[in-house]
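Below, chain A is the first sequence line, B the second, and so on; all start at residue 1.
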Number of protein chains: 2
Amino acid sequence: MSLSIDSSSQVLENGYEHAELLSGNNDEHEGVMVNMEKPMDSKVFLTALRASISLWRKQGKRGVWIKLPIGLANLIESAVKEGFHYHHAEPDYLMLVHWISESTTSTIPANATHRVGIGAIVMNDKRELLVVQEKSGKLKGTGIWKIPTGVVDAGEDIFKAAVREVKEETNVSDKCLIMHFTVNVKLCFQVSHSSVGGLSKSWFLLLQIDTEFVEILGFRQTHKSFFEKSDLFFLCMMRPLSFDVQKQELEIDAAKWMPFEEYTAQQIVEKPGFYKCITDICLAKVDGDYIGFSPRLVKSSFTDQLSYFYLNEQDSNSS
Amino acid sequence: MSLSIDSSSQVLENGYEHAELLSGNNDEHEGVMVNMEKPMDSKVFLTALRASISLWRKQGKRGVWIKLPIGLANLIESAVKEGFHYHHAEPDYLMLVHWISESTTSTIPANATHRVGIGAIVMNDKRELLVVQEKSGKLKGTGIWKIPTGVVDAGEDIFKAAVREVKEETNVSDKCLIMHFTVNVKLCFQVSHSSVGGLSKSWFLLLQIDTEFVEILGFRQTHKSFFEKSDLFFLCMMRPLSFDVQKQELEIDAAKWMPFEEYTAQQIVEKPGFYKCITDICLAKVDGDYIGFSPRLVKSSFTDQLSYFYLNEQDSNSS
C-alpha cells in the first residue's frame, strides 16, 4: 500500500475537483487502511485527506486508519486537524484512526494494555537452582541472586519466550569479552589458565543453558508498571537439558547453579512477599503434587489459526 | 509538570545563551520526564529542546521522555529531528523518548504488547449456562449464543474485569430503550403488558447478572490479533449470585440462561476447536476435579505494592 495520485480526474459533489486521493486498502470491517510511505507536503496531504474522507463516507466506510512512519511526522498535525486521534505507536511509526461514520458507534479495537514477562525456575538433579545477577535494574549491584526473567515479545509464545530468556540470561559471553575471551560454547566451559587477568584457580563458565518448558506455575498481574500500562508475569517451571553443569567460582559471572537452600536464605527471598511466594510454589511443584498450566495447541473455531491454550492438562480429563 | 521558561538566565558552554529550557521531572533511572501542556511554537520548542538536552547531558541524564497531548502535534516533528522516537500512544497523547547518554546502552522499557480479555462461564444450579449474542463483531447476526466476553482495561484486575463484563454484557437496557422502556433493575424483571410494542405475552428481561469469581480455568495466547499485537484471553469460572433467574422468551433479548446441552449442540461449539475446548474444560470443572488458578493478594518483595498472584491454591500447600 502506498500513497498515489488517483489517475482518474474526479469531480466530487462537494467541490473537491481533481483532488489527489489517498490510496488505501479496505479491511473486512468497512474500514480503510492508508499506509503512507513516501514523503509529502503537509498541505497536499491535508487536501488529499479531505477529498478521500469525503469519498470514503460516500462509499459507506466507517473507520479510517493512517499509518505514518516516523519520517512523515510532518503529516500528523493535518490528520489530527481532520479529526484523527492516536491509536498506538511503535518506535518507528504512529497509527492514527478516525471513525468517519456518523450513523454508527465506533468499534475501534482497544490498544495493547499489558506487557508480558516470564520468570524461569530451572532446577537440576542436585537440587540446585539456576540463578543470575541483574546487569541493570533495581537489583544491579545488590549481590542478590534471582531466577532468570525477561520480556515476552509481541508475537512470541510465552513458553518459547521462557526457553529463549533462560538461554540469553545465562549467556555470559559479554563478561568473557571483557576478559579477552571470545567464547561461544554451550552449557559448560572449563578454563584453567593462570595468565588470564591474573586469575590462578580453575573456574567454570556457565553458558547458554538450554531448557525444556514444563508448565506455568502461576502468574502475577501488576498495575501502573510503566505509565498507565499493566504487567503480566508468568512463573514458568523449566527442565534443564543437561544436569552436569558445575558451579563456577568466578565472582564476576552473571549466572550459576546455587543450592536451593542458599538461594532461599537470601533476605529478600526469605521475608514474606512475592519472592517467598515463588519459592513456596517451587517447593510445592518439586516436593508436592502441584499442577500448573500446560500449553495445548488449539485451532480457532472460526479459522485455521492455531494458538496455545494453557490449562491444567492433568485435571482436564477428570469429568 | 509543565513547560516553563527557566527564570535564571543561563550561559551554557555550547553557546545556548539565555535559551528557554524545558522543565522536566527527574525519574529514578537518571531520566527526565517532560510533560508538555501548553501550546508552543515549534521553532521555540526546538530551540528549548536543544538547550535542554545539552544541559541534561551535562547533568548525566540518560533517557528523556516527552509526553505530548494530541493538541500539541505540531511539536512532534521537532522532537523527531532531535533524535526522539515514539514509545507509545494513547488516543489523546503521544509519548516520545530519546536515549541521550552516549556512554551507556539504552534501558528504555518495552511498550505494551498484549491486549487482555476474559470469557466468563456462569452456570446456575439448573445446569444452564449464561449466554449472550454479540451486538457487533464476527458473530453479529449469526444467531450463535456464546459465553460473555470482554476486554480487561489497563489497571484492572482480571477477576474484577470478569465480574464487570458479565454485568455489562447481560445489561439489555439498550434493548429496553428501543421499546420505550427505561429499566434499571438487577437480575430479573418481569413484564406483562400488552400495550408495549404490541406484545401480548409475558416475558422476562435478564439484567445485569452479578457474579462471584471462582477461578481461571485456562488462558489462550493468540498473535497478530491486531496489527502486530498479541492477545491473552483468560477463561474464568464464575458463580452467579442468584439462581432464580428465569429464561426470558423475548427473541430480541441479548442474554439468557440456556441449557448446557443446548449450548454445546450449536455447530460452532460442537466441532473441534477452541469453543469445544472451552466446554470440555467447563465439564471437567463442573463434573470433575479440575483445579484452575485463584488470585492471592501478594506484597512486592521491594515495596508495599500489592498485586494478585494467580495460582493453583489447592495444590500450593502440597509440599
Side-chain angles (χ1 to χ4, degrees), chain A residues 70 73-74 76-77 80 85-86 88-92 94 107 109-116 136 151 153-155 157-158 218-224 226 228-230 268 273-275 277 281 283-284 287-293 298-301 307-312 315-316 318-319, chain B residues 70 73-74 76-77 80 85-86 88-92 94 107 109-116 136 151 153-155 157-158 218-224 226 228-230 268 273-275 277 281 283-284 287-293 298-301 307-312 315-316 318-319:
Chain A
I70 193 163
N74 63 312
I76 299 171
E77 202 182 351
V80 170
H85 60 78
Y86 307 146
H88 68 276
E90 293 299 324
D92 58 350
L94 175 65
T107 56
N111 190 4
T113 50
H114 286 65
R115 291 187 304 182
V116 179
S136 61
V151 175
D153 297 325
D157 286 314
I158 294 168
F219 62 88
R220 182 176 69 154
Q221 189 190 24
T222 48
H223 303 305
K224 300 211 171 194
F226 206 71
E228 295 302 310
K229 303 293 185 180
S230 298
I268 196 83
F274 185 54
Y275 278 25
C277 194
I281 205 171
L283 282 176
D287 298 334
D289 303 318
Y290 191 92
I291 307 167
F293 285 173
V298 176
K299 207 173 107 177
S300 162
S301 292
S307 55
Y308 286 97
F309 185 58
Y310 296 76
L311 73 165
N312 182 332
D315 288 354
S316 68
S318 65
S319 64
Chain B
I70 193 163
N74 63 311
I76 299 170
E77 203 181 351
V80 170
H85 61 78
Y86 307 146
H88 67 276
E90 293 300 324
D92 58 349
L94 174 66
T107 57
N111 190 5
T113 50
H114 286 65
R115 291 188 303 180
V116 179
S136 60
V151 175
D153 297 325
D157 286 313
I158 293 167
F219 61 88
R220 181 177 71 155
Q221 189 189 22
T222 47
H223 302 307
K224 301 211 175 196
F226 206 72
E228 295 303 309
K229 304 293 184 179
S230 298
I268 196 84
F274 186 54
Y275 277 24
C277 195
I281 204 172
L283 281 176
D287 298 334
D289 302 319
Y290 191 92
I291 307 168
F293 286 172
V298 176
K299 209 173 104 174
S300 161
S301 291
S307 55
Y308 286 97
F309 185 58
Y310 296 76
L311 72 164
N312 182 333
D315 286 356
S316 69
S318 65
S319 65

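Note on V80(B), I70(B), V298(B): by heavy-atom pairs under 4.5 Å with chain A, the leading option is I70(B). Ranked by heavy-atom pairs under 4.5 Å with chain B, the list T222(A), V116(A), D92(A) is led by V116(A). In terms of heavy-atom pairs under 4.5 Å with chain A, the best-connected choice from G292(B), C277(B), S307(B) is S307(B). The choice from Y310(B), F293(B), Y308(B), F309(B) that makes the most heavy-atom pairs within less than 4.5 Å of chain A is F293(B). If you tally non-hydrogen atom pairs under 4.5 Å between each of A73(B), S230(B), A89(B) and chain A, the highest count goes to A89(B). Your options are V151(A), D153(A), I268(A), and the one with the most heavy-atom pairs under 4.5 Å with chain B is I268(A). Most heavy-atom pairs under 4.5 Å with chain A, from the set A154(B), A112(B), A110(B): that is A112(B).
Residues satisfying the salt bridge (charged side-chain N to carboxylate O under 4.0 Å, His left out) test with E77(B), not counting sequence neighbours, are none. For the side chain to side chain contact (heavy atoms under 4.5 Å, CB included) test, residues two or more places apart in sequence or in another chain that qualify with K224(A) are E228(A).
Of the inter-residue distances, the one linking L94(B) atom CG with L94(A) atom CG reads 5.5 Å to the nearest 0.5 angstrom. Taking OG1 of T113(B) as the reference point, atom NZ of K229(B) lies at 6.5 Å (rounded to 0.5 Å).
Nearest heavy-atom pair, Y290(A) versus N312(B), reported as atom, atom and distance to 0.1 Å: OH-N, 2.8 Å.
The closest donor-acceptor contact from the side chain of N111(A) to the backbone of H88(A) lies at 3.5 Å or more, if one exists at all.
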